[in-house]
Trainee: 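Got a structure here, written out as structure tokens. Questions coming.
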Amino acid sequence: MSSLQNDRFLRALLREPVDVTPVWMMRQAGRYLPEYRATREKAGDFLSLCKNPELACEVTLQPLERFPLDAAILFSDILTVPDAMGLGLYFEEGEGPRFERPVRDMAAIEALPVPDPEEELRYVMDAVRTIRAALNGRVPLIGFSGSPWTLATYMVEGGSTKNFALAKGMMFDRPEQMHALLDKLAQAVTLYLNAQIAAGAQAVMIFDTWGGTLTPDDYREFSLAYMQRIVEGLTREAEGRKVPVILFTKGGGQWLETMADTGCDALGLDWTTDIGDARQRVGHKVALQGNMDPCTLYASPKAIRRSVAKILESYGKGSGHVFNLGHGIHPTIDPEHAAAMIEAVHELSKPYHA
């Protein structure tokens with residue numbers, strides 16, 4: 001494995017000195033890029049693109065060809081793990097993900113296998129190995145997974161949902177079933193992320209997209225406890241370096257202190273939390289990643305620059321900040337506007353690291 005030419009992303013996650021604030025974007029390989037749309041067309045559909053390591057590598061690298069980003073993120077989907085458990089994942093046009101066989105009782109939960117990442121999820125590991133080789137040390141590669149709670153909501157609901165009736169119904173009425181499902185998912189995700197690290201991922205991120213829909217008590221019991229278990233089970237050093245772990249709960253701004261206590265290295269923030277406040281609350285424990293409102297990128301480059309300046313100023317001097325959007329980039333964003341944000345981050349952050 002070649003040494004890294006640009007390691008500021010990894011250094012910032014460990015709150016080590018950097019020259020400028022590193023930046024990457026959630027969903028940076030995606031539909032807003034015409035070259036991505038062309039490759040997806042070639043693959044046939046989204047799932048075929050995820051399952052083709054060469055094409056997954058191609059789209060992972062596309063944003064790096066276009067922008068001076070400080071990290072690459074594996075092109076995949078959070079639902080690969082439930083798919084590998086045999087639930088029959090498919091995507092409805094305009095409807096999002098669906099499962100042919102949702103999990104709604106203890107018999108279905110007990111029947112779920114814990115997938116072997118190098119067998120059932122081999123295509124993801126092959127993509128990681130292919131991307132690492134192709135990056136050749138340009139920037140670090142981020143691996144990722146969905147959180148157990150977030151994966152469970154899709155598995156119980158059978159797809160996307162607005163009110164979580166079935167998943168929360170199980171949680172409130174049959175908590176032993178939900179815990180059995182979350183326990184199995186925590187095992188599966190730990191194996192999956194460790195396999196990504198073994199295959200070459202240099203940092204990993206856990207996406208808890210739906211943790212923010214829970215009450216504080218339920219969040220601790222049904223989401224955070226299982227993420228903590230994963231953090232405790234992860235390989236934290238590879239190739240002679242630390243492998244940082246980022247936890248991201250969308251809508252989790254009120255729980256940063258308990259999240260920081262899990263032993264993770266960094267917390268992702270959505271745009272509803274002020275990053276300066278977050279730094280005062282937990283910045284002595286963890287790095288922070290975020291947190292521009294993705295809709296800012298619909299504005300003019302001048303307005304984008306102002307927003308970047310504000311976030312950098314709010315975080316203040318010193319390392320420990322990875323600039324990102326507060327959630328994934330929207331498919332209808334002009335790539336030039338993403339370029340304006342990335343350029344502004346590198347340029348305007350210099351004085352904060354002098």
Side-chain angles (χ1 to χ4, degrees), residues 26-65 71-103 112-135 141-148 150-155 158-160 184-185 187-202 204-207 209 328-329 331:
M26 291 187 265
R27 296 209 192 112
Q28 64 189 22
R31 287 176 292 175
Y32 75 107
L33 292 176
E35 55 270 41
Y36 167 84
R37 296 196 295 270
T39 308
R40 181 166 136 165
E41 193 75 15
K42 189 163 62 174
D45 58 54
F46 174 73
L47 216 46
S48 307
L49 180 52
C50 288
K51 294 190 175 184
N52 181 320
E54 279 67 38
L55 294 182
C57 175
E58 187 180 304
V59 294
T60 298
L61 298 182
Q62 283 169 350
L64 301 177
E65 298 305 325
I73 182 163
L74 163 68
F75 180 79
S76 187
D77 191 83
I78 62 168
L79 298 179
T80 51
V81 170
D83 183 41
M85 290 174 147
L87 301 194
L89 175 65
Y90 65 101
F91 284 82
E92 283 281 346
E93 204 48 57
E95 290 290 306
R98 289 273 179 272
F99 285 115
E100 287 165 20
R101 294 173 285 283
V103 178
L112 289 172
V114 172
D116 177 335
E118 284 290 359
E119 293 290 330
E120 293 86 356
L121 289 157
R122 176 82 191 223
Y123 66 93
V124 179
M125 304 312 138
D126 285 344
V128 172
R129 286 185 276 263
T130 306
I131 296 160
R132 254 315 282 277
L135 280 170
L141 175 61
I142 306 165
F144 73 92
S145 171
S147 71
T150 293
L151 298 179
T153 64
Y154 287 98
M155 292 166 77
S160 307
K184 208 163 248 191
L185 283 166
Q187 292 175 53
V189 169
T190 305
L191 288 171
Y192 182 56
L193 289 175
N194 279 339
Q196 288 183 37
I197 292 163
Q202 290 146 295
V204 291
M205 180 156 168
I206 301 170
F207 283 89
T209 315
I329 185 170

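Just the heavy atoms: all of them, side chains too, but no hydrogens, waters or symmetry mates, feed the values below. Heads up: numbering here begins at 1 and tracks the sequence.
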Trainee: Could you tell me whether a side-chain N or O of Glu120 sits under 3.5 Å from a main-chain N or O of Gly86, the two making a donor and an acceptor?
Mentor: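 Absent.
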
Trainee: If I compare all heavy atoms of Leu112 with all of Met155, which pair ends up nearest, and what's the gap?
Mentor: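 For Leu112 versus Met155, the nearest heavy atoms are CD1-CE, 3.8 Å.
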
Trainee: Are the side chains of Ile329 and Gln28 in contact, using a 4.5 Å heavy-atom criterion?
Mentor: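 Not in contact.
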
Trainee: Which pair of heavy atoms, one from Leu185 and one from Val81, lies closest together, and at what distance?
Mentor: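 Minimum heavy-atom separation between Leu185 and Val81: CD2-CG1, 4.4 Å.
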
Trainee: Quick one: do Arg101 and Phe99 satisfy side-chain contact (heavy atoms from CB on, under 4.5 Å)? Show the steps, please.
Mentor: CA-CA 5 Å; Arg101 294 173 285 283; Phe99 285 115; over 6 Å; no

Trainee: How long is the straight-line distance from CD1 of Ile142 back to CD1 of Ile131, given to the nearest 0.5 Å?
Mentor: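 Result: 11.0 Å between the selected atoms.
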
Trainee: Report the distance from atom CZ of Arg40 to atom CZ of Phe75, rounding to the nearest 0.5 Å.
Mentor: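 The CZ atom of Arg40 sits 8.0 Å away from the CZ atom of Phe75.
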
Trainee: Hey, does Leu33 have a side-chain heavy atom less than 4.5 Å from the side chain of Pro63?
Mentor: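 Pro63 reaches Leu33 side chain to side chain.
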
Trainee: Heavy atoms, side chains only, cut-off 4.5 Å: are Leu79 and Tyr154 in contact?
Mentor: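 Yes - at least one pair of side-chain heavy atoms lies under 4.5 Å apart.
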
Trainee: Measure the CG-CG distance between Asp126 and Leu121 for me, rounded to the nearest 0.5 Å.
Mentor: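 Result: 11.0 Å between the selected atoms.
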
Trainee: Are any of the side-chain heavy atoms of Leu141 and Gln196 separated by less than 4.5 Å?
Mentor: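 Of all side-chain heavy-atom pairs linking Gln196 with Leu141, none is under 4.5 Å.
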
Trainee: Drop me the distance from Glu41's CD to Tyr36's OH, to the nearest 0.5 angstrom.
Mentor: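 Here the rounded value is 11.0 Å.
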
Trainee: Counting C-beta onward and ignoring hydrogens, is there a side-chain heavy-atom pair between Glu35 and Glu65 closer than 4.5 Å?
Mentor: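 When only atoms from C-beta onward are counted, Glu65 and Glu35 do not touch, as no gap falls below 4.5 Å.
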
Trainee: Could you check Leu64 against Leu135 for side-chain contact (heavy atoms from CB on, under 4.5 Å), going step by step and ending with a plain yes or no?
Mentor: CA-CA 10 Å; Leu64 301 177; Leu135 280 170; 3.5 Å; yes

Trainee: Assess whether side-chain contact (heavy atoms from CB on, under 4.5 Å) is satisfied between Asp83 and Lys51, documenting all intermediate values.
Mentor: CA-CA 12 Å; Asp83 183 41; Lys51 294 190 175 184; 2.9 Å; yes

Trainee: Taking the side chain as every heavy atom from C-beta outward, state whether Ile206 and Leu193 have any atom pair closer than 4.5 Å.
Mentor: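 Contact flag for Ile206/Leu193 side chains = yes.
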
Trainee: If every non-hydrogen atom of Pro97 is compared with every non-hydrogen atom of Leu89, which pair is closest and at what distance?
Mentor: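 The pair with the smallest heavy-atom distance is CB-CD1, 4.0 Å.
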
Trainee: If you measure from CG on Leu151 to OG on Ser145, what distance do you get to the nearest 0.5 Å?
Mentor: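 Going from the CG atom of Leu151 to the OG atom of Ser145 covers 5.5 Å.
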
Trainee: Does the pair Glu118/Arg129 count as a salt bridge with the N-to-O cut at 4.0 Å?
Mentor: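 A salt bridge is present here (some side-chain N lies under 4.0 Å from a carboxylate O).
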
Trainee: Enter the distance from Phe91:CZ to Cys50:SG here, rounded to the nearest 0.5 Å.
Mentor: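 Answer rounded to 0.5 Å: 6.5 Å.
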
Trainee: Tell me the closest heavy-atom pair linking Ala43 and Leu55, and the distance in Å.
Mentor: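 So the minimum-distance heavy-atom pair works out to CB-CD1, 3.7 Å.
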
Trainee: Just to verify, what does Thr39 make a side chain to side chain donor-acceptor pair (under 3.5 Å) with, not counting sequence neighbours?
Mentor: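 Once residues adjacent in sequence are excluded, the partners of Thr39 under the side chain to side chain donor-acceptor pair (under 3.5 Å) criterion are Glu58, Gln62.
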
Trainee: Checking the side chain of Arg37 only, and the main-chain atoms of Arg31 only, is there a donor and an acceptor separated by less than 3.5 Å?
Mentor: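 At least one qualifying donor-acceptor pair exists.
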
Trainee: Would you say the rings of Phe207 and Phe144 are close, in the sense that their centroids are separated by under 6.0 Å?
Mentor: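 Yes, close enough.
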
Trainee: Would you please name every residue forming a side-chain contact (heavy atoms from CB on, under 4.5 Å) with Ala134, sequence neighbours left out?
Mentor: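 Expected list: Cys57, Leu61.
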
Trainee: Tell me whether Thr150 contacts the main-chain N or O of Thr209 through its side chain, where contact means a donor paired with an acceptor under 3.5 Å.
Mentor: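 Yes; judged by distance alone, with no hydrogens or angles, the pair exists.
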
Trainee: List the atom of Thr60, the atom of Ala72, and the distance in Å for their closest heavy-atom pair.
Mentor: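 Between these two residues, the closest heavy atoms are CG2-CB, 4.1 Å.
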
